[in-house]
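Counting from 1, the numbers follow the sequence of the chain as shown. This one's a predicted model, so the numbers in the text were calculated from it and none came from an experiment. In each ligand, atom 1 is the first atom listed, and ligand 1 is the first ligand listed.
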Amino acid sequence: MDGRGHTEVNVDANTRQWNLDPCTEYRFELDPGTTLAIKLIYGHAEIFGAELADGATYLFGLECKAAVYTWQGCTIEISLPSTEYVSDETPMHAYANVHLALEQMRVRALRAMHGSPPSSDDEGSADANPEPPRVLILGPENSGKTTVAKILVNYAVRTGQEWTPMLVNTDPGEGGWAVPGAIAATPVSSPIQTSTPATRLGCAASSAPAHLTSNALLPLAYWYGHAEMKRNPLLMDRLIRNLGENVAERWDHDPEGRVAGMIVDTPASFAASSGAANEHRHALIKACVDAFRINAILVVGHEKLNVEMQRTYGNRMAVVKIPKSGGVVELDASYRDRVRKYQLQNYMYGKALQPPPGLSTKTHLQGGEQTADQTLNLAPVSSIVGFGDLTIYRIGEENMAPTSALPIGATRVVSEMQPLLVDPAQPGCGLYNAVLALLSSPNPDESERYDEEILDLPAVGFIVVTALDIPNKRMTVLSPSQGSLVGRTAVVGSFEWQE
Ligand SMILES: Nc1ncnc2c1ncn2[C@@H]1O[C@H](COP(=O)(O)OP(=O)(O)OP(=O)(O)O)[C@@H](O)[C@H]1O
């Protein structure tokens with residue numbers, strides 16, 4: 001603890017009160033298996049841009065790492081964190097300034113949409129055709145990109161203008177609202193709460209019980225199937241473009257949504273300037289810029305990348321470097337693996353955090369969606385399907401015999417983008433414990449179909465193969481909801497999950 005910006009008082013053995021000075025933040029990290037409760041007692045406070053309601057208790061778990069920030073000062077009551085400290089050095093002023101600039105762009109775009117004359121604030125602005133902000137956030141690993149994206153989206157929805165900005169997650173390692181391996185976009189209409197890393201970007205409708213879906217998000221997702229960008233950059237390029245097209249189509253019918261703009265979070269590999277990823281990252285940044293018609297780039301705490309982006313895009317759009325927060329936690333590979341497990345567990349079963357010791361289960365709990373007596377337990381369905389009922393593809397990889405086993409002179413050419421049928425009866429088919437994306441239906445008109453149509457179909461749900469019965473040609477799959485799988489098309493990637 002730095003000893004400045006706060007005082008702390010023990011309330012009882014399990015609870016402490018912290019008085020935070022204005023413009024400071026209380027940071028915490030949770031160990032596996034622990035939960036934390038936070039209650040705002042006095043003043044105003046927010047977690048990554050989402051305001052805390054007065055007197056409500058918020059629960060955190062699954063190794064959550066986050067911060068309670070206060071602009072005006074506040075008192076919070078805390079129980080049992082694993083690691084905690086208060087900092088008075090945060091980049092929140094810089095982030096708020098970015099928000100104000102984006103807000104101006106939205107307001108101008110809205111005025112233009114309504115045909116209203118520009119306001120006196122706009123005088124001197126050369127922009128005859130003001131566009132809403134479409135922002136790409138770039139930065140190295142653990143720079144806080146996702147956190148910045150969340151803060152900016154939350155500030156936008158808090159302005160009282162009823163904006164519903166589009167939040168786009170292009171990091172398949174993170175999963176966002178779907179499961180890891182997917183990239184997705186969703187319009188956000190109420191602040192995204194922070195509670196666990198399994199639902200960092202909020203709760204998707206598919207994994208929220210029906211009585212809570214008013215608060216849930218309806219993402220548009222495409223399935224990449226891997227955590228690493230280098231695994232199939234061409235496929236990623238195509239999926240990013242598909243996502244962009246789909247968002248644009250949605251906005252054609254929703255001009256109000258369009259003026260709220262979009263915030264696009266990216267994987268750290270877009271910023272890594274060494275290694276194998278380097279050759280593809282420029283292409284993928286360009287895919288984002290084109291697909292989402294990006295008109296502003298934020299570079300989080302990386303001088304070289306900032307200069308590079310200035311050179312490449314500075315003549316067509318604002319490229320702004322913003323500071324990295326000292327609170328961002330270095331996440332290692334094993335933490336990321338555990339978070340992916342939490343996400344899949346959450347997708348299937350929902351989340352039910354137990355309040356920490358000493359906290360009554362009758363307490364009014366907030367923090368995302370869970371309340372003490374409405375635990376978010378979902379009931380996934382385990383069903384048996386015949387091998388022929390589900391058509392399963394793998395993109396661009398073959399379960400191959402060694403090249404030496406091929407006829408002399410034969411070469412095996414499998415394009416990275418080629419959908420290959422997977423035969424569940426084949427030993428080593430890789431389906432046991434595999435996560436599969438269920439795709440939306442292909443074009444009903446056969447003549448409109450094409451070989452690579454599979455790549456262009458959005459994912460509408462995810463299932464896990466939990467058993468393969470080869471003699472009887474059937475398999476057991478776990479799915480979050482009822483619904484026949486017969487005749488559906490699925491794609492397998494490299495993610496596995498076991499309870
Ligand atoms: N001010 C803060 N105080 C405490 N924890 C924070 C703070 N800012 C970010 N974090 C935590 O640090 C971790 C890393 O942040 P974040 O995921 O935003 O970084 P990133 O750059 O998007 O990561 P990646 O390397 O996956 O691209 C997250 O667990 C996040 O909740």
Side-chain angles (χ1 to χ4, degrees), residues 1-2 5 20 23-32 36 38 45-50 60-71 76 78 81-96 136-154 167-176 180 183 192-202 227-229 263-272 277 281 284-285 298-302 305 322-340 342-343 367-368:
M1 280 169 234
D2 62 10
L20 304 180
C23 302
T24 61
E25 71 182 14
Y26 168 88
R27 296 172 180 161
F28 63 87
E29 295 176 35
L30 301 184
D31 287 343
L36 168 72
I38 297 183
E46 59 188 43
I47 298 186
F48 299 148
F60 305 83
L62 302 181
E63 300 181 63
C64 181
K65 302 160 193 307
V68 179
Y69 181 79
T70 178
W71 287 100
I76 48 175
I78 310 277
S82 308
T83 303
E84 59 180 351
Y85 66 100
V86 169
S87 173
D88 58 3
E89 279 176 30
T90 78
M92 290 304 284
H93 278 99
Y95 296 174
L136 189 69
I137 302 182
L138 295 171
E141 216 174 39
N142 301 317
S143 55
K145 298 175 292 299
T146 308
T147 305
V148 172
K150 201 157 140 175
I151 291 171
L152 292 177
V153 165
N154 280 344
L167 178 56
V168 182
N169 170 42
T170 61
D171 184 354
E174 192 148 288
I183 63 168
I192 300 168
Q193 306 287 337
T194 296
S195 173
T196 76
T199 53
R200 277 195 77 185
L201 300 180
E228 300 285 335
M229 200 57 55
I263 307 286
V264 183
D265 185 20
T266 60
S269 52
F270 282 20
R281 70 187 183 93
L284 290 170
I285 292 173
L298 297 180
V299 180
V300 191
H302 193 302
L305 183 65
I322 56 171
K324 172 183 164 172
S325 167
V328 178
V329 183
E330 297 276 321
L331 308 176
D332 59 22
S334 71
Y335 177 87
R336 289 173 195 271
D337 279 350
R338 289 197 301 282
V339 167
R340 286 173 198 140
Y342 296 151
Q343 281 178 347

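- Between the Lys324 side chain and the His302 main chain, no donor and acceptor come within less than 3.5 Å of each other.
- For ligand 1, the atoms closer than 4.0 angstrom to any heavy atom of Lys65 are 5 (N), 11 (C), 29 (O), 30 (C), 31 (O).
- Remark: among candidates Val339, Thr83, Val328, the nearest residue to atom 10 (N) of ligand 1 is Val328, based on non-hydrogen atoms.
- Polar contact check, Thr266 against ligand 1: no nitrogen or oxygen pair lies under 3.5 Å apart.
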I would like to know whether Ile78 and Phe28 meet side-chain contact (heavy atoms from CB on, under 4.5 Å); could you show each step before the answer? CA-CA 10 Å; Ile78 310 277; Phe28 63 87; over 6 Å; no

side-chain contact (heavy atoms from CB on, under 4.5 Å) between Thr24 and Thr70, intermediate numbers included: CA-CA 6 Å; Thr24 61; Thr70 178; 4.0 Å; yes

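- Every N/O-N/O distance between Tyr335 and ligand 1 stays at or above 3.5 Å.
- Set against the non-hydrogen atoms of Ser325, the atoms of ligand 1 under 4.0 Å away are 1 (N).
- Ligand 1 has an N or O atom lying under 3.5 Å from an N or O atom of Arg336, backbone or side chain.
- Ligand 1 lies within reach of Ala66, whose nearest heavy atom is under 4.0 Å from it.
- Residue-ligand proximity: Phe48 is placed with a non-hydrogen atom under 4.0 Å from ligand 1.
- Counting atoms of ligand 1 from 1 in the listed order, those under 4.0 Å from a heavy atom of Ala67 are 1 (N), 2 (C), 3 (N).
- Heavy-atom proximity to atom 18 (O) of ligand 1, evaluated over Asp171, Ile151, Thr147, Val329, is greatest for Thr147.
- How far CG of Leu298 is from CG of Leu138: 8.5 Å, rounded to the nearest 0.5 Å.
- In the vicinity of Ser143, heavy-atom distances shorter than 4.0 Å reach the ligand 1 atoms 21 (O).
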Go through it in stages, so that I can follow the logic: the residues are Leu167 and Leu201, the test is side-chain contact (heavy atoms from CB on, under 4.5 Å), and I'd like the CA-CA distance, side-chain angles, deciding distance and then a yes or no. CA-CA 9 Å; Leu167 178 56; Leu201 300 180; 4.2 Å; yes

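- Residue contact check: Glu141 has heavy atoms under 4.0 Å from atoms 25 (O) of ligand 1.
- Ligand-side atoms of ligand 1 in range of Leu331: 13 (C), 14 (C), range being under 4.0 angstrom from any heavy atom.
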Stepwise side-chain contact (heavy atoms from CB on, under 4.5 Å) test for Cys23 and Tyr69: CA-CA 7 Å; Cys23 302; Tyr69 181 79; 3.5 Å; yes

